[in-house]
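Values reported hereafter were calculated over all heavy atoms of this structure, with side chains retained and with hydrogens, waters and symmetry mates removed.
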Amino acid sequence: MSMLEVKNLTKSFGQHQVLKGVSFSLKQGEVLVIIGSSGSGKTTLLRCLNFLETPDSGMIEVNGEEVFSENNTKLSDSELRNRRLHFGLVFQSFNLFPQHNVLKNVTLAPTLYYTKQMKKNKASKSEIKAAKAEIENQAKKLIDMVGLSDKVEEYPCRLSGGQQQRVAIARALALNPEILCFDEPTSALDPSLKNEVVKVINDLKKQKQTMIIITHDMEFADSVADKIIKMEKGRIIEER
């Protein structure tokens, strides 16, 4: 059984159709790399999977659960938030919060999400405090996993590009996504810093983390991919 099934996904912006019936599947622990020229639809596909954009039609299924179908395109904010939890996204430009240190960047989203859930379920203050402590503990483990345990108190402006990208990976993992997505994770980095990020991705692959990666770097793609999809003009034209 596939962890992820995408069937006939379409997306238009005005009169311009960006995705034209995209279909693929992904098994638990597989790494899918999506390649293609600018404007081929790669990033729009990733944004649709993460519900940063809503597809026009098609179907997305995660572990047998239908998370999107064309019969249910009007999702509430809470429904969108819950469905985004299946996917973690690491942005090309890192998108760290400059006003927060590394630890706060990693703990912010899970703290907000789980605190809200616990208050909704009328949890006690002591239960919420214990949950926050556990979130911080898990965040420190993730920060250590990406090799930045000595940087927990640093702010993004004091980190290299490679270090910022590694913080972004830890942050994306903090909500325990089933599928981790990367949008050009190495394109903004020079070769020495790129190697830092590639090491983390290879470590995640060894841990059987399911991943979808957009890249123009074919050497990188070949080194990490179990499956490569090439897109052109909104369609998959090659899969290997």
Side-chain angles (χ1 to χ4, degrees), residues 1-12 18-34 41-91 106 108-121 123 131 134-135 138 142 168-183 201 204-214 224-229 231 234-236 239:
M1 177 180 171
S2 296
M3 168 177 272
L4 175 66
E5 288 279 354
V6 176
K7 295 181 181 177
N8 297 318
L9 214 63
T10 69
K11 177 64 180 178
S12 296
V18 180
L19 299 180
K20 304 172 182 178
V22 174
S23 300
F24 64 90
S25 63
L26 193 59
K27 293 178 182 177
Q28 165 71 44
E30 280 190 321
V31 179
L32 169 67
V33 173
I34 304 174
K42 307 184 305 298
T43 296
T44 298
L45 173 58
L46 207 63
R47 290 178 65 84
C48 284
L49 292 176
N50 284 272
F51 292 96
L52 296 176
E53 302 286 352
T54 302
D56 297 325
S57 64
M59 187 274 291
I60 303 171
E61 194 175 88
V62 179
N63 285 327
E65 176 190 349
E66 187 180 274
V67 298
F68 174 82
S69 76
E70 56 197 273
N71 299 320
N72 186 22
T73 58
K74 303 296 183 182
L75 300 173
S76 67
D77 288 344
S78 62
E79 287 175 323
L80 282 171
R81 281 194 295 271
N82 287 332
R83 294 176 191 210
R84 283 175 184 146
L85 291 175
H86 293 289
F87 299 89
L89 178 59
V90 181
F91 296 92
V106 178
L108 185 59
T111 299
L112 290 173
Y113 177 78
Y114 290 115
T115 298
K116 185 175 181 178
Q117 293 296 108
M118 294 182 76
K119 286 181 177 178
K120 185 178 178 180
N121 294 325
E134 179 59 22
I135 288 168
Q138 291 301 316
L142 288 171
I169 293 170
R171 181 179 64 179
L173 289 167
L175 283 167
N176 298 311
E178 287 136 296
I179 301 166
L180 186 59
C181 303
F182 296 82
D183 187 6
I201 291 174
L204 290 171
K205 183 177 181 179
K206 291 174 185 175
Q207 297 170 30
K208 303 300 182 182
Q209 172 68 54
T210 309
M211 292 181 275
I212 299 175
I213 303 171
I214 289 176
V224 300
D226 297 303
K227 182 186 295 186
I228 295 177
I229 283 174
M231 293 187 65
R235 302 182 190 276
I236 294 174
E239 186 172 341

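Of all heavy-atom pairs between R171 and F91, the closest is NH2-CD1, 4.5 Å. Shortest non-hydrogen contact noted between G29 and T210 is N-OG1, 2.8 Å. Between L180 and A172, the closest heavy-atom pair is CD1-CB, 3.5 Å. Residues A174 and L142 come closest through the heavy atom pair CA-CD1, 3.6 Å. Taking every heavy atom of both residues into account, S25 and S2 meet most closely at CB-OG, 3.6 Å. Closest approach of S57 to E70, counting heavy atoms only: CA-CB, 3.7 Å.
Looking only at side-chain heavy atoms (C-beta outward), K205 and D226 come within less than 4.5 Å of each other. Annotation: side chain of I229 is in contact with side chain of M231 (closest heavy-atom distance under 4.5 Å). The shortest distance between side-chain heavy atoms of P110 and E134 does not fall below 4.5 Å. Looking only at side-chain heavy atoms (C-beta outward), I179 and L4 come within less than 4.5 Å of each other. Put simply, the side chain of F87 does not reach to within 4.5 Å of the side chain of L46, judged on heavy atoms. A heavy-atom distance below 4.5 Å is found between the side chains of Y113 and N82. The closest side-chain heavy-atom distance from Q209 to L173 is below 4.5 Å. A 4.5 Å side-chain heavy-atom check between N8 and T10 finds every atom pair outside the cut-off.
Of the candidates E5, H86, E178, Q28, N63 forms a side chain to side chain donor-acceptor pair (under 3.5 Å) with just one, namely E178. The residue from I212, L89, I169 that alone fulfils the side-chain contact (heavy atoms from CB on, under 4.5 Å) condition with F182 is I169.
For the atom pair NZ (K27) and NZ (K227), the distance works out to 7.5 Å, reported to the nearest 0.5 Å. Taking NZ from K11 and CD from E53, the interatomic distance works out to 5.0 Å, rounded to the nearest 0.5 Å. K7 NZ to F24 CZ: the interatomic distance, rounded to the nearest 0.5 Å, is 13.0 Å. Of the inter-residue distances, the one linking T44 atom OG1 with L19 atom CG reads 5.5 Å to the nearest 0.5 angstrom. How far NZ of K20 is from CZ of R235: 5.5 Å, rounded to the nearest 0.5 Å. Note: E30 CD to M211 CE = 11.5 Å, rounded to the nearest 0.5 Å.
Between D183 and R47 there is no salt bridge, since no side-chain N of the basic residue sits under 4.0 Å from a carboxylate O of the acidic one.
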Exercise for review: Test F68 against L49 for side-chain contact (heavy atoms from CB on, under 4.5 Å), laying out the working first.
Suggested key: CA-CA 9 Å; F68 174 82; L49 292 176; over 6 Å; no
